[in-house]
*Asks:* 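My structure is below; once you've seen it, I'll send some questions.
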Amino acid sequence: MPTNLLTPLAATLLLATLALPAQAAPTRYQVRAWAASCAACHGTDGSGKPGTHRLAGREQDELITALREFKAGKRPATVMHQHAKGYSDEQLELLAAWFAAQPKP
Amino acid sequence: MLSIDRRSFIKFAGAAGALQAVAGCASLGGRASIGRVVVIGGGFGGATAAKYLKKWEPGLDVTLVERNPRFISCPMSNLVLAGAQRIEDLTLGYEGLEKYGVRLVQDEALAFDPEKKQVRLARGEPLPYDRLIVAPGIDFLYDRIPGLNNPEAQAQVLHAWKAGPQTVALRRQLEALPDGGVFAIVIPKAAYRCPPGPYERASLVAHYFKQAKPRAKILILDANPDIVSKKGLFLKAWQELYPGTIEYRPNHELEDFHLASRTARFQVQDVKADLFNVIPAQRAGAIASPLITANQQWCGVEFLGFESVAIPGVHVIGDAILAAPAMPKSGFMANNHAKVAADAVIAALTGRAINPEPIIANTCYSFVSDAEAMHVASVHKYDPSQKTLVAVAGAGGLSSARSDLEGQHAHAWANNIWADTLK
């Protein structure tokens, strides 16, 4: 397609597409959306109502270690070993960092 | 690829419009709004969507339309049948959403107009929207059961598959059943709301019978060829906790019901019982009718943002959707759909890119007594080649055994998801 036939709108779309490579590093919005899934058991932002583990404001290393051990089946669990296996190591690290950065309720 | 570009175009066009709207509002001295989102339905899906839209993007105007004054949780409601919980324990108000700035409208949404972009209400003025999220839950297909297709019959043969007055009424019917009576649960073909729910119900009614009327029996009449969920765990619980109480019959799809003789008619045989609980086949709630694309029952969506495949700019979440493979119709899933949809709506209205890889999860607990529970879990990740959410291989699974500990986890889960949805 000759460039002079590109409408301004099409050019905008092309630029937008180029700006969004498929393998882009996860954005903070993406990590926030992933972390929101955990809230169904662990409370909004990991705030943790009684009976579950609070995640918000915990040490990042502590969270990463726990998630890695759940994924490897090395830490006793009823369900967390089954959830942790659903995520890549990088995704678990991003989630741990995200919850560590949330204020303690 | 073409379709993705078209979607991008719609979003960019929407963002441009929204920016103009912001400028317009500012010049008038009004509150600047990034866009107006109306959410229809205040269940696990809709209430979560409304909350997270405002939590994540306070500049949005978000209105939640719900006909009921309070939220009553279907999860845990089988405990009411067992006498182990009260309906009040599962009932929450919507006022917690107000602190996020959600506008609550208690009204019935009758229809929406995708051209005018407004929702028509039974009582109030039409609500205009830039994006619409439809979370209507389920309606029952009573037209498939002629003998129950009238209000009088439905008042006697209960579904109790929407928690509330029906739950309380079924508990009263169970209390009135004489010792030695037969209670029959009729289960529709999958897909239906809460796959393990009917079997949990049978377990908890058996728990009640064990205490109060030990000679009473339970008959499960299942349209499916086998127990749909947690089969091994349920069978073990029934054998160990309630031997001789529960009889399971597969391949029983209800064709009609004769009220006067309390007879359920199946292709294979007629079955009489003293008390019936008929869970009818289901479809997306009536408001979603224009969005139904599959089998005249469910609303097809794309799984990056749960946008309808029938009407652009309208998102559908919760039990009403044509689910991705291995995705149950559950409150947990609806809560998770809501967050993906909220993020996608915000992305569309602010002109940022949509999350290219949603990951959501599910854990469904089922009680088999007043104390013991077990779970099934799964993780669902977007697969760009299949353009759907797929269950991650190797993740998820079942409880190794039912336990008191999982019963405690189930109560903790309920308290957390209720707060995550409503507070």
Side-chain angles (χ1 to χ4, degrees), chain A residues 7-17 19-55 70-71 73 76-88 90-92 94-95 105, chain B residues 4-5 8-9 12-13 44 48 51-52 55-56 331-332 335-336 338-340 342-344 346-347 351-363 375 377-381 384 391-400 403 405-406 408-409 411-413 415-421 423:
Chain A
T7 62
L9 181 62
T12 308
L13 281 176
L14 186 60
L15 284 172
T17 310
L20 299 171
Q23 296 303 314
T27 65
R28 67 188 176 92
Y29 299 114
Q30 198 169 353
V31 179
R32 183 178 73 177
W34 290 339
S37 170
C38 312
C41 292
H42 289 280
T44 302
D45 296 336
S47 56
K49 300 278 169 209
T52 193
H53 290 284
R54 174 178 58 82
L55 305 178
F70 283 133
K71 187 176 177 181
T78 55
V79 68
M80 269 310 298
H81 58 306
Q82 297 169 346
H83 282 292
K85 289 187 178 81
Y87 299 81
S88 71
E90 186 206 6
Q91 287 164 345
L92 292 179
L94 289 166
L95 286 168
Chain B
I4 289 171
D5 284 348
S8 304
F9 164 72
F12 272 86
F44 280 99
T48 303
K51 167 177 161 174
Y52 274 78
K55 174 176 162 54
W56 284 344
F332 195 125
N335 167 284
N336 270 214
K339 293 158 181 172
V340 176
D343 187 53
I346 294 166
R352 79 165 147 82
I354 197 167
N355 175 2
E357 191 185 7
I359 308 174
I360 60 177
N362 184 66
T363 305
H375 77 261
S378 51
V379 180
H380 305 259
K381 189 176 285 191
V392 179
L398 293 157
S399 303
S400 52
S403 68
L405 178 62
E406 292 222 36
Q408 293 160 25
H409 287 177
H411 284 291
W413 166 79
N415 284 324
N416 275 280
I417 198 167
W418 292 339
D420 187 46
T421 300
K423 293 179 184 171

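Residue numbers begin at 1 in each chain, while the letters A, B, ... track the order of the sequences. All values derive from a computational prediction rather than experimental measurement.
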*Asks:* Hey, is the main chain of A:Thr52 close enough, under 3.5 Å, to the side chain of B:Trp413 for a donor-acceptor pair?
*Replies:* no
*Asks:* Looking at A:Ser37 and B:Ala361, what are the two nearest heavy atoms and their distance?
*Replies:* OG-N, 3.5 Å
*Asks:* Could you list the residues that satisfy ring pair (Phe, Tyr, Trp, His ring centres under 6.0 Å) with B:His409, not counting sequence neighbours?
*Replies:* none
*Asks:* Could you measure the distance from the CG atom of B:Asn362 to the NE2 atom of A:His83? Nearest 0.5 Å is fine.
*Replies:* 7.5 Å
*Asks:* Whether the A:Thr44 and B:Lys51 side chains hold a donor-acceptor pair (N or O, under 3.5 Å, no angle test) is what I'd like checked.
*Replies:* yes
*Asks:* Can a donor-acceptor pair be found, under 3.5 Å and without considering hydrogens, that links the side chain of A:Gln82 to the backbone of B:Leu398?
*Replies:* yes
*Asks:* Closer than 3.5 angstrom, by distance alone: can the side chain of A:Lys49 be matched with the main-chain N or O of B:Asn415 as a donor-acceptor pair?
*Replies:* no
*Asks:* For atom NZ of B:Lys423, decide whether the heavy atoms of other residues, nucleotides or ligands shown that lie under 6.0 angstrom number more than 12.
*Replies:* no
*Asks:* What's the shortest heavy-atom distance between A:Ala33 and B:Trp56, and which atoms?
*Replies:* CA-CH2, 4.2 Å
*Asks:* Return the minimal non-hydrogen interatomic distance between A:Lys85 and B:Gly394, and the atom names on each side.
*Replies:* CD-O, 3.3 Å
*Asks:* Given a strict heavy-atom distance threshold of 4.5 Å, which part of A:His81 is in contact with chain B: side chain, backbone, both, or neither?
*Replies:* neither
*Asks:* Compare every heavy atom of A:Thr78 with every heavy atom of B:His375, then report the nearest pair and how far apart it is.
*Replies:* CE1-O, 3.0 Å
*Asks:* Measure across A:Ala40 and B:Lys339 and return the closest heavy-atom pair with its distance rounded to 0.1 Å.
*Replies:* N-NZ, 4.1 Å
*Asks:* Do B:Asn416 and A:Cys41 have side-chain heavy atoms sitting under 4.5 Å apart?
*Replies:* no
*Asks:* Any side-chain heavy atom of A:Tyr87 sitting closer than 4.5 Å to one from B:Val392?
*Replies:* no
*Asks:* Under 4.5 Å from any heavy atom of chain A, what part of B:Pro384 do you find: side chain, backbone, both or neither?
*Replies:* neither
*Asks:* Taking C-beta and beyond as the side chain, do B:Arg352 and A:Thr27 meet within less than 4.5 Å on heavy atoms?
*Replies:* no
*Asks:* Measure B:Phe44 against the heavy atoms of chain A and call it side chain, backbone, both or neither at under 4.5 Å.
*Replies:* neither
*Asks:* Can you tell me how far NZ of B:Lys381 sits from OG of A:Ser88, rounded to the nearest 0.5 angstrom?
*Replies:* 5.5 Å
